[in-house]
*Asks:* 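Okay, here's the structure, questions in a sec.
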Amino acid sequence: MPEKLRGFRDFYPEDQEIRREIFETMMEECRRFGFREVDGPSIESVDLYAHKSGEEIMGQMFNFIDKGGREVTLVPEFTPTLARMVASRKDLIKPLKWYTLAKFWRYEEPQSGRFREFYQLNADILGSDSLHADVEVLNLAGSIMKGLGLGNKVKLKMSSRTLLDDIIKYLNIEKKDSLYYLLDRWIKISDKEKDSLISEIGISKENLELIVTGKIIEELKSPNLDRLIKIMDEFNEYGTIKIEIDLKIVRGLAYYTSTVFEIWDLDEKMRAIMGGGRYDNIISQMNGDYTPAVGFGMGDAVVENLLKREGLWYEKEKKRVFISIADDKGRKYSYYVSKKLRESGIMVDLNVTERNLGKQIEYAAKMGFKYSIILGEREFTNKIISIRDLITGEQFSMNLEDAIIKLKNS
RNA sequence: GCCGGGAUGGGGUAGCGGUGUAUCCUUGGGGACUGUGGAUCCCCGGACCCGGGUUCAAAUCCCGGUCCCGGCCCCA
């Protein structure tokens, strides 16, 4: 039997149904915030990602030569596609609030919370450089967390590239990139590596401490700091999840310009659940029109890990009805009954085997149905249906109209 | 791309050079049951990841690959 490809996943019903509910929760929250759904291609030209550091990025993309000789890749992220879509439509009324939930691919080694194919929700506001756009995007992210039942399990960590640049200037640090690198990897690297980076940057331990702990903001005056604090104040005004400044949040992407943020589980045992920030220059790099933007991406894998850890990975109870039949009259009657029930909006499954009644009811019970309707000559002749509650064992007979009311209300 | 640990029916496992048909549990299918339950009993199906090598003999030892779990790099 052929194996599935490394880093790819099969989703069986018992998991897929839960995933579907989670995705619906995310997208419904986007719509409630006034975001509109968009989608893009699954394959793009590698040129679209060329603004990132050259050849090195190629090893992390699922790229190949297509039959026409084009160098293409399965899309590794949404933002460049989004930028292209916005740049090529000058008639769009700004600001845009767009979301998408799609599959993305990266050719990397699979590990906890990371696969080669994954789903990612993206939500962005384009065409506003106001801090209120940042707030709206963050409120959406916080509301999604609440909607998933994770409101008190996670926190939002904020920083700002421009603020960090102010700090670098204030403290007279020359090796900016090395400092970014050090902060980004702060939790992961050993003291020895830290020391070597510290001496390379030429920063004093006291000053570094001010950055890492965030205490630096108490003595710094800067419009970028004011902006960040205003964002946080307004975010707290709306009130969804915890928020804090963490100057160690850098994010790897070159295109972020000011605000950057991540959502983490409270004890920071997992990877970031969501990440994003403000990217004001990508679209103008494509068509010259200044279109500032802010948004985030949230993958499915870490969310799933966290929901499982918190015991929230389970299917909400569903009302489901299975029709069992006792004889040929019942079989024929079942087509009429199932059609009426389905037309009234009730989800109905029915027996598609030659099994005897006992086996049918056993099947319905094992599959987790709440009710089994039983149809046979008796029901057909008397124009009734019998409903057996598979949890309590109670059984009633009634006419179809009353049964529809009962099934819809239970 | 690199490093560590794994892989035995659908799931979980025992066996770790030779011992009869590879163990046990579970799941799946059928029957006992011609209009009523996950019980019970009976029957059936189903596995040593792939390829080389060592050996009289390999599920077992060695090498390579694949996939899984985790970590590094990177993180969109």
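In what follows, chains carry the letters A, B, and so on, assigned in the order in which the sequence lines appear, proteins first and then strands, with residues in each chain numbered from 1. Model, not experiment: these values are computed from the prediction.
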*Asks:* For A:N122 and A:T100, indicate whether the former's side chain and the latter's backbone hold a donor-acceptor pair under 3.5 Å.
*Replies:*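 Side chain of A:N122 to backbone of A:T100, a donor-acceptor pair under 3.5 Å: no, none is there.
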*Asks:* Will you find, in the side chains of A:S160 and A:T162, an N or O donor that is under 3.5 Å from an N or O acceptor?
*Replies:*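 Note: A:S160 and A:T162 side chains meet the donor-acceptor criterion.
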*Asks:* Verify whether one side chain among A:S143 and A:T240 offers a donor that lies under 3.5 Å from an acceptor in the other.
*Replies:*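 A:T240 and A:S143 do not have a side-chain donor-acceptor pair below 3.5 Å.
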*Asks:* Out of B:rG38, B:rU36, B:rC74, which has the shortest distance to the side chain of A:R378?
*Replies:*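 Of B:rG38, B:rU36, B:rC74, B:rU36 is nearest to the side chain of A:R378.
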*Asks:* Expressed in whole Å, how much space separates the P atoms belonging to B:rG46 and B:rU23?
*Replies:*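 Taking atom P in both B:rG46 and B:rU23, they lie 13 Å apart.
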*Asks:* Is the count of non-hydrogen atoms from other residues, nucleotides or ligands lying under 6.0 Å from A:R20 atom CZ greater than 12?
*Replies:*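 Counting other residues, nucleotides and ligands, CZ of A:R20 stays at 12 neighbours or fewer.
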*Asks:* Classify the side chain of A:R185 versus the base of B:rC73 as yes if they form a donor-acceptor pair under 3.5 Å and no if they do not.
*Replies:*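 For A:R185, whose side chain was compared with the base of B:rC73, there is no donor-acceptor pair (under 3.5 Å).
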*Asks:* Please measure how far the C1' atom in B:rC75 lies from the corresponding atom in B:rG1, and state the result in whole Å.
*Replies:*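 Those two atoms are separated by 15 Å.
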*Asks:* Want to settle it: does A:R271 or A:I361 sit nearer the 5' end of RNA chain B, counting the closest nucleotide to each?
*Replies:*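 Residue closer to the 5' terminus by nearest nucleotide: A:I361.
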*Asks:* Can you check the distance between B:rC68 and B:rC33, where both ends of the measurement are the P atom (answer in whole Å)?
*Replies:*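 Pairwise P distance, B:rC68 against B:rC33, rounds to 49 Å.
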*Asks:* Ignoring the backbone of A:A365, work out which of B:rA76, B:rC73, B:rG37 is nearest its side chain.
*Replies:*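 Nearest listed nucleotide: B:rG37.
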*Asks:* Decide yes or no, distance alone: a donor-acceptor N/O pair under 3.5 angstrom between the base of B:rG37 and the side-chain of A:Q360.
*Replies:*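 Not at all, since no donor on one side and acceptor on the other fall under 3.5 Å apart.
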*Asks:* Go through the N and O atoms of the side chain of A:E362 and the base of B:rU36, and report whether any donor-acceptor pair is under 3.5 Å.
*Replies:*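 When only heavy-atom distances are counted, A:E362 does not reach the base of B:rU36 through any donor-acceptor pair under 3.5 Å.
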*Asks:* By nearest atom, which of the nucleotides B:rG31, B:rG35, B:rG70 is closest to the A:K359 side chain?
*Replies:*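 Closest of the options to the side chain of A:K359: B:rG31.
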*Asks:* Going by number, which of residues 95-110 of chain A have a non-hydrogen atom under 4.0 Å from RNA chain B?
*Replies:*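 Result for residues 95-110 of chain A: A:R106, A:E108, A:E109, sorted by number.
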*Asks:* I need the minimum non-hydrogen distance between A:R331 and A:V352, along with the two atoms involved.
*Replies:*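 Between these two residues, the closest heavy atoms are NH1-CA, 4.5 Å.
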*Asks:* What distance, rounded to whole Å, do you find between the two P atoms, one in B:rA58 and one in B:rA39?
*Replies:*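 Taking atom P in both B:rA58 and B:rA39, they lie 43 Å apart.
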*Asks:* Using the P atom as the point on both nucleotides, what is the distance between B:rG5 and B:rC44, in whole Å?
*Replies:*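 Going atom to atom, P in each nucleotide, I get 43 Å.
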*Asks:* Per the side-chain contact (heavy atoms from CB on, under 4.5 Å) rule, which among A:L350, A:I387, A:L400 passes with A:I373?
*Replies:*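 With A:I373 as partner, A:L350, A:I387, A:L400 yield a single side-chain contact (heavy atoms from CB on, under 4.5 Å), made by A:I387.
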*Asks:* Would you say the side chain of A:Q120 and the base of B:rA76 hold a donor-acceptor pair, judged only by whether the two atoms sit under 3.5 Å apart?
*Replies:*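 No pair found.
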*Asks:* Could you tell me whether A:F369 and A:F322 have their ring centroids closer than 6.0 angstrom?
*Replies:*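 Close enough - the centres of the two rings lie under 6.0 Å apart.
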*Asks:* Using atom C1' in both nucleotides, what's the gap between B:rG9 and B:rG15 to the nearest angstrom?
*Replies:*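 It works out to 16 Å between them.
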*Asks:* Could you check which of B:rA76, B:rC72, B:rC69 has an atom nearest any side-chain atom of A:F115?
*Replies:*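 Nearest listed nucleotide: B:rC69.
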*Asks:* Taking the same atom, C1', in B:rU36 and in B:rG45, what whole-Å distance lies between them?
*Replies:*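 One C1' to the other, the span is 28 Å.
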